[in-house]
Amino acid sequence: MGIGLGVGYLTPVKNLMLWFAKGLATGIAVAGFGLAKAIAGSISVILTVDAVFNAAGAA
């Protein structure tokens, strides 16, 4: 989680803070990371539950 968080989160946010006004651009970037986490988390739960039930039914 450390390297992925550093590359995928801190670097873009830091650059946005340098290039644009700190408020809006940084807020949009952080909101995008949060939204992506919510979507990816939901999808992973659906896929995991589906895989477990399919494996149990096949046995």
Side-chain angles (χ1 to χ4, degrees):
M1 185 169 159
I3 293 174
L5 183 63
V7 172
Y9 179 80
L10 294 176
T11 304
V13 170
K14 176 67 176 170
N15 286 326
L16 285 172
M17 290 174 69
L18 292 174
W19 293 342
F20 300 102
K22 291 184 181 183
L24 182 62
T26 304
I28 291 172
V30 172
F33 281 109
L35 183 62
K37 181 181 179 198
I39 292 170
S42 299
I43 291 172
S44 68
V45 167
I46 291 169
L47 292 175
T48 303
V49 169
D50 187 46
V52 168
F53 284 125
N54 283 339

Ring pair (Phe, Tyr, Trp, His ring centres under 6.0 Å) partners of residues 11-32, not counting sequence neighbours, each pair once: none
For residues 33-46, run the donor-acceptor check on the side chains, cut-off 3.5 Å, and write out each pair with its distance to 0.1 Å, sequence neighbours left out.
{"unit_1": "S42", "atom_1": "OG", "unit_2": "A38", "atom_2": "O", "d": "3.0"}
{"unit_1": "S44", "atom_1": "OG", "unit_2": "A40", "atom_2": "O", "d": "3.3"}
{"unit_1": "S44", "atom_1": "OG", "unit_2": "G41", "atom_2": "O", "d": "2.9"}

ILVMFWY cluster membership beyond I28 - transitive side-chain contacts under 4.5 angstrom: L24
For A25 against L16, the heavy-atom pair lying closest together: O-CD1, 3.7 Å
